[in-house]
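Each remark here refers to the structure printed beneath this line.
These numbers were taken from a predicted model, which means no experiment stands behind them. When reading the values below, keep in mind they use all heavy atoms of this one structure, side chains included, and skip hydrogens, waters and symmetry mates. Numbering of residues begins at 1 and proceeds along the displayed sequence. Order of appearance sets the numbers: ligands from 1, and atoms from 1 within every ligand.
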Amino acid sequence: MTRLTAPDLFEPGLFEGTGFYDVFAWYRANDPVSWQHPAGEPEGFWNVTRYHDVVSVHRDSTRMSSAKGMRLGSADRAVDAVANKMLIVADPPDHTRMKRVLNQPFSNEVLSRAEEYVQQVVADVVARAVRNPGPNLIAQLERIPTDVICAIMGLPRTDWEWIGRKTTEAFESPSEVRRITANGEIFKYFGDLVRENHKSGANAFISGLTAQNSGGARLTDQELVFNFSGILAGGNETTRFTLAALTLQLAEHPDQWARIVRGEAEPDVATEEALRWSAPGMHVLRTATEALRIGNVEVEPGQRVVTWIGSANRDAEVFDAPDTFDVGRTGNRHLSFGAGRHMCLGSRLARLEITAYLRVLRDMVRSMTLRGRPRYNGSNFTWGLNELPVVLHA
Ligand code: HEM
């Protein structure tokens, strides 16, 4: 019985390192869709580890609901409060309606106007990091996603630091009370902003979205507030984790860094490898609305299904030498942004930021040194480095 020798994917501390990649490899080879019921979870669920099975779950949004939650460990009450009012936990028709409106400011056309600004933010952050190296590069890199999203949303500059701090607190604080309080403060902040904008029309980002309201798809004020919070949540940690993982790989593999400097690997190509490698959105949850089959397994209606994006991104059926970080990898069909109808709203923006970071590194940085032990945050949901003692040298 393979199940008897299966390694424990829910062993405490597993995601504090990178050893879980070997565990994923075991499941892909021996038990690709496995039933698990770890302590602390109210019910069991199916774990999906192979690339093609993960894609089929993400594409099957008719039979795979997001409205009952999209991650392990979330409280039912918290999910119910936002279900079908926030993209990531919405099913059609609400999801279709809201995404039609919210996609607009994150389209290629609109974002191409932000390219120069993103490059400037990144250049400022890297210049500061080179001038004043600190013990943890992440404390500097975290400004990139925060400053970019705050600027796009037209938030007053004086609020950016507060927003960055509250977002981190709302999603990363070890204290549940602090997480709930910070979330409440973010909701209130956006609630006030939306109300105020009805009178003044001063915020072009909000006015653009509410103008669309009158022409077809509509979002209520409450939906706007929940989704603004979702946009902050979706874009901050994830992008920061990819930037950090990329920096660590380049510091540890000077040969890969040299390929970028010599122009043998283009920044946009290396961006895709950074995304595949880092997989900051480690898992995604769905609930089956009908009986269906995944691989050799029959899933019953009401059962939960977890897809492991980090595992899919290392599946040797799809990627050559999947455990090698290769900045020139082509045909890189990673699943870091998911797939299907819930595919990441901010994928173009994240790509813009990561590619800008690589260009700025190539232009401003000669080498990088790892000066200590990097540390991971230990989460199996939004996973990544929270300590990165790397110094950038001009
Ligand atoms: C490296 C950076 C990022 C990664 C790895 C990432 C990952 C993901 C993944 C895996 C999903 C799909 C979730 C699901 O299927 O349930 C998703 C959805 C989403 N992401 Fe991102 N994301 C990133 C950056 C961003 C940014 C910059 C934004 C800000 C605009 C953002 C906003 C969202 C939103 C609002 C959704 C929900 C979309 C929907 O349900 O239709 N993300 N993201």
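- Close contacts of ligand 1 with Leu87, meaning ligand atoms under 4.0 Å from a residue heavy atom, involve 39 (C), 40 (O).
- For the pair Arg314 and Trp277, the cation sits on the ring face: its NZ or CZ lies under 6.0 Å from the ring centre, inside 45° of the axis.
- When heavy-atom distances to ligand 1 are checked against a 4.0 Å cut-off, Arg286 comes that close only through its side chain, counted from C-beta outward.
- Residue-ligand proximity: Leu102 is placed with every non-hydrogen atom at 4.0 Å or more from ligand 1.
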(request) Please assess Glu169 against Lys166 for the test salt bridge (charged side-chain N to carboxylate O under 4.0 Å, His left out), listing each intermediate value before the final yes or no. (result) CA-CA 5 Å; Glu169 226 169 274; Lys166 286 295 154 191; 3.5 Å; yes
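- Among protein heavy atoms, the minimum distance from atom 12 (C) of ligand 1 is reached at His342 O, 3.4 Å.
- Judged as a salt bridge (charged side-chain N to carboxylate O under 4.0 Å, His left out), and not counting sequence neighbours, the contacts of Glu298 are Arg293.
- Ligand 1 has at least one atom lying under 4.0 Å from a heavy atom of Ser336.
- Residue contact check: Lys99 has heavy atoms under 4.0 Å from atoms 38 (C), 39 (C), 41 (O) of ligand 1.
- Residues that satisfy the salt bridge (charged side-chain N to carboxylate O under 4.0 Å, His left out) test with Arg97, not counting sequence neighbours, are Asp94, Glu223.
- When heavy-atom distances to ligand 1 are checked against a 4.0 Å cut-off, Thr242 comes that close only through its side chain, counted from C-beta outward.
- Cation-pi contact between Arg329 and Phe319: absent, since separation from the ring centre below 6.0 Å together with deviation from the ring axis within 45° is not met.
- Glu41 places no side-chain N or O within donor-acceptor distance of the main-chain N or O of Pro38, the cut-off being under 3.5 Å.
- Less than 2.8 Å away from atom 21 (Fe) of ligand 1, the protein contributes these N/O/S atoms: Cys344 SG.
- Atoms of ligand 1 found under 4.0 Å from any heavy atom of Pro280, numbered from 1 in the order shown, are 5 (C).
- In the vicinity of Ile309, heavy-atom distances shorter than 4.0 Å reach the ligand 1 atoms 10 (C).
- Close approach of ligand 1 to Leu275 (heavy-atom distance below 4.0 Å) involves ligand atoms 1 (C).
- Using a 4.0 Å heavy-atom cutoff, Glu353 is absent from the residues neighbouring ligand 1.
- Residue Pro374 forms a side chain to side chain contact (heavy atoms under 4.5 Å, CB included) with just one option from Asn136, Val390, Leu248, and that option is Leu248.
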(request) List the steps and the verdict of side chain to side chain donor-acceptor pair (under 3.5 Å) for Thr96 and Arg341. (result) CA-CA 8 Å; Thr96 318; Arg341 78 162 45 245; 3.2 Å; yes
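- Counting atoms of ligand 1 from 1 in the listed order, those under 4.0 Å from a heavy atom of Arg341 are 41 (O).
- Using a 3.5 Å distance cut-off with no hydrogens or angles, the side chains of His52 and Asp315 do not pair a donor with an acceptor.
- Residues Leu385 and Asn377 are not in side-chain contact: their nearest non-hydrogen atoms beyond the backbone lie 4.5 Å or more apart.
- For the ring pair (Phe, Tyr, Trp, His ring centres under 6.0 Å) test, no residue two or more places apart in sequence or in another chain qualifies with His58.
- In terms of protein heavy-atom proximity, atom 29 (C) of ligand 1 is nearest to Ile231 O, 3.7 Å.
- Gln36 and Tyr27 are linked by a side-chain donor-acceptor pair at a separation below 3.5 angstrom, with hydrogens and angles left out of the test.
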